[in-house]
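Report on one structure; see the data block that follows.
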Amino acid sequence: MPFPRLFRQARALIRIAVLPAGCLLLPGTAGAHSALFTAFSLEAKADYVVPMGNLRSALEPGAGMGLRLSSPYYGSLGAFVFLDVARMAARSGALPVLFGGGGPGLEWAGLPAWLPRPGGGAGLYLARIGEDDDPEERYEFLHGGESEFGLFASLRWEAPLGRRLALSAGARWDEILTSPESSRMFSASLGIGWRWH
Amino acid sequence: MALSPGKWLRALVLAAPLGSAAGEGILAESPLQADRLERPGNHFLLDGSQGFVAGRHFYQARGAEPPFLWPADPFLAYAPDTAWLDDTARVRMRGLLGNEIGDAMLQELRLPAGEAEDNRTPCTEGGVSWSLRPGWRLHAGLDQNDHFSYSTMPVRQAMVGEARRDDLAWFGGNIPPRSLAEAGVGFADGMRAASLRFARGWWWTPSPVSGRIYPWEGRTLALDLGVGRARLALKHEAWDSPAPGYYAASWRRADIRLSWGAPDSASRGWRAEAGWERRALRSDSAFAGFARADIPAAFRYWRKDTLAASGPVRVSLAGSARVAQDVFAAEQTAAWEEGGGGFRPFQRFDLYYRRPMPGYVPAVEYLSGLGEAVYREAADARGGAAAAGFLRKGAFIESGGEAAWSGEWRTPVFRPDAYGERDGSLLRAGTYAASSHALWNGTLEMHVGMGRDPDRSLRLEAGWRRFYGADAGRVEFRPSRWWASVRGSWSFPSDLRAEGRLNWMGAKEVRGWEPVFRVPAHFENALGLSQSLPGERVVLRFSLLHAFGADLREQPDGNPLRFRVLGGAEAVF
């Protein structure tokens with residue numbers, strides 16, 4: 001490898017490093033901690049799940065349900081974990097497919113109340129077909145269950161009903177990390193939650 | 001506070017620190033992959049569980065095991081996990097889930113019957129250790145890593161048969177490179193310590209000579225007892241081929257070792273060891289079998305002193321000599337470092353020597369239609385390395401550099417006889433034997449680190465390396481001649497820590513397979529997040545490894561480095 005090319009690459013890496021280097025001058029974080037578990041909110045929700053992209057040819061849209069546990073995190077940021085499950089029909093043969101997902105995320109609640117709260121995080125997704133639904137075991141991998149990691153982005157409105165109850169409406173876009181291209185799911189949900197302080 | 005069994009035994013034997021996927025830094029599947037993230041310029045991936053590390057001070061990595069890739073036992077060298085012995089919490093749990101991004105989702109529903117590709121490979125590890133009462137600790141764990149196994153799936157499936165795919169792992173049908181369940185119990189009480197560790201399962205071992213991959217199922221049992229300065233270690237291994245239709249093979253090993261020493265402190269001590277070992281390898285067609293009884297012996301010492309001349313100078317000496325598995329090996333290291341001030345120069349010298357003893361049995365594999373693949377330990381293999389460098393620490397900027405030069409004689413070089421292929425997997429026959437020429441290795445490394453807060457740092461690294469000598473063009477693995485990297489870490493006030501690495505690596509070469517296999521210059525990248533929950537009893541970790549960039553194969557028959565996602569959790573109570 002000739003030296004000029006090495007120096008060019010080193011120069012590019014130094015440029016990449018300039019902005020983070022400036023951030024190093026900011027004050028430290030000693031003594032600061034998250035506000036996790038200082039309060040809780042548990043939400044039960046009904047979902048409508050729509051396969052997108054390459055999953056359109058595999059699944060029909062379907063209904064599902066889920067749970068969402070949230071907590072303050074830091075400042076206006078909240079943390080949550082969700083667990084959703086939907087029973088969807090395969091387009092080939094009308095087989096019922098169990099599709100589920102779950103994972104942690106963060107949500108920004110610093111916007112005016114009438115605006116949706118943006119959020120995002122990482123999830124683990126699972127698809128499988130029950131043995132009773134496919135006794136001939138035509139779908140080998142789906143019998144064992146296909147699990148994939150993914151990332152998601154969400155928007156959620158929340159309307160308090162008194163001190164502890166709240167209604168919510170939300171939408172989530174799941175980008176499931178698969179190859180040669182990502183697999184995508186869109187889901188809309190309505191939920192009701194209970195808060196503990 | 002009661003001493004943990006691990007600390008007790010470690011104090012006795014001064015064992016090398018063990019890597020762990022649950023340690024500091026970016027979460028990775030294994031210590032090998034974690035080390036690769038730290039020093040990508042030295043690593044070649046042969047498969048998911050084994051790699052070759054070349055070009056640090058010597059061409060080959062040294063250590064307790066013989067320096068060449070070939071393990072101490074011709075085909076097997078597995079030791080049940082001991083990291084749990086260091087746990088001090090009443091209960092410690094850890095879990096790791098990973099996925100190699102490589103397959104499409106729901107493809108069986110989207111493609112015509114029979115066209116779906118094999119489902120790609122997860123990684124599932126976990127364990128729990130529990131202190132029942134002071135001094136006692138129980139452990140159970142699962143180590144199953146399917147990553148990097150996809151390209152050898154056809155040949156592995158041909159060996160064991162498709163019908164048995166579900167039988168060769170604790171769960172799943174991917175016939176993973178490693179699927180081992182472990183259990184253990186440890187005890188430490190004042191001057192006594194004991195641990196009993198057991199592993200059972202399946203794993204595959206690739207031969208670095210022939211390229212053939214071998215399946216094994218069986219168990220390993222290890223017992224360590226310590227009283228005062230004495231230690232007794234027993235080990236039993238029984239591994240068999242689970243593919244008798246392909247070939248039949250069995251490996252049995254039993255050894256007992258008694259050691260005595262003066263490990264009064266980490267700064268000064270010695271230990272002598274002697275024992276008896278029996279090894280037997282039998283095979284109907286794959287290997288040359290042997291049955292040997294040996295008397296292994298070893299001695300090692302270590303000494304660290306601080307001298308007060310014009311400033312504090314730390315001097316360390318360490319050395320070892322051992323006879324094990326019919327090979328004599330000796331090593332010696334001397335290092336000193338000036339400390340205390342902002343400018344700290346250091347120097348280091350390393351020597352090693354290896355020689356097979358009378359009765360040494362070369363490892364021989366039989367390749368139908370090709371011939372034999374042989375690894376022959378070199379007589380009088382030796383090397384010396386000298387390194388000098390400095391570390392300059394300022395209030396905000398740290399910088400350092402190191403220059404090293406080494407010479408090695410009798411470095412193993414492969415001499416091919418024939419090449420072939422079976423079920424999509426490359427094979428070769430020939431002999432790995434000593435080079436007749438010296439191999440010289442020069443390296444220059446430098447780094448600049450920035451940050452006044454330990455939780456926020458940025459580091460730039462660059463290095464350069466050259467090999468010289470008549471056989472420099474024949475050594476099998478030629479690592480990158482240069483590399484540069486940026487790494488940074490950032491702790492947020494919410495107990496979230498982000499860490500990232502971006503490496504730019506020069507081209508590599510793998511010789512000994514025709515034609516020469518060239519790995520182009522490439523980027524490697526990794527991002528890790530870790531979130532401590534209040535009380536710091538639970539830590540959640542998430543990694544995106546090689547998320548950007550093309551898949552990268554580093555060995556003609558190996559599995560490519562590709563995008564992997566890992567999620568893990570560790571909890572102590």
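What you see is a predicted model; the values in this text were computed from it and never measured. Proteins get letters first, then strands, A, B, ... in listed order; numbering begins at 1 in each.
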As an exercise, state the distance from [atom1] of [X] to [atom2] of [Y], rounded to the nearest 0.5 Å.
| X | Y | atom1 | atom2 | value |
| --- | --- | --- | --- | --- |
| B/E108 | A/L142 | CD | CG | 5.0 Å |
| A/S57 | B/L109 | OG | CG | 9.0 Å |
| A/S179 | B/F563 | OG | CZ | 10.5 Å |
| A/L77 | B/F492 | CG | CZ | 10.5 Å |
| B/M105 | A/E181 | CE | CD | 13.0 Å |
| A/L36 | B/S532 | CG | OG | 10.5 Å |

Greater than 12 external heavy atoms within 6.0 Å of [X]'s [atom1]:
| X | atom1 | answer |
| --- | --- | --- |
| A/W114 | CH2 | no |
| B/F548 | CZ | no |
| A/M52 | CE | yes |

Largest heavy-atom contact set with chain A, pairs under 4.5 Å, which of B/S480, B/S494, B/G98: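 Going by pairs under 4.5 Å, I would pick B/S494.
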B/L97 and A/F149, any side-chain heavy atoms less than 4.5 Å apart: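 Contact flag for A/F149/B/L97 side chains = yes.
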Close side-chain approach of A/Y73 and B/L496, heavy atoms under 4.5 Å: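 When only atoms from C-beta onward are counted, B/L496 and A/Y73 do touch, with a gap below 4.5 Å.
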Chain B contact via A/L59 - side chain, backbone, both or neither, heavy atoms under 4.5 Å: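 Side chain only.
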Under 4.5 Å from any heavy atom of chain B - which part of A/L124: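 Side chain of A/L124 only, per the 4.5 Å heavy-atom cut-off to chain B.
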A/E146 (side chain) donor-acceptor with B/L106 (main chain) under 3.5 angstrom: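 At least one qualifying donor-acceptor pair exists.
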Heavy-atom donor-acceptor pair, B/N99 side chain to A/E148 backbone, under 3.5 Å: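 Pair absent, no side-chain N/O of B/N99 close to backbone of A/E148.
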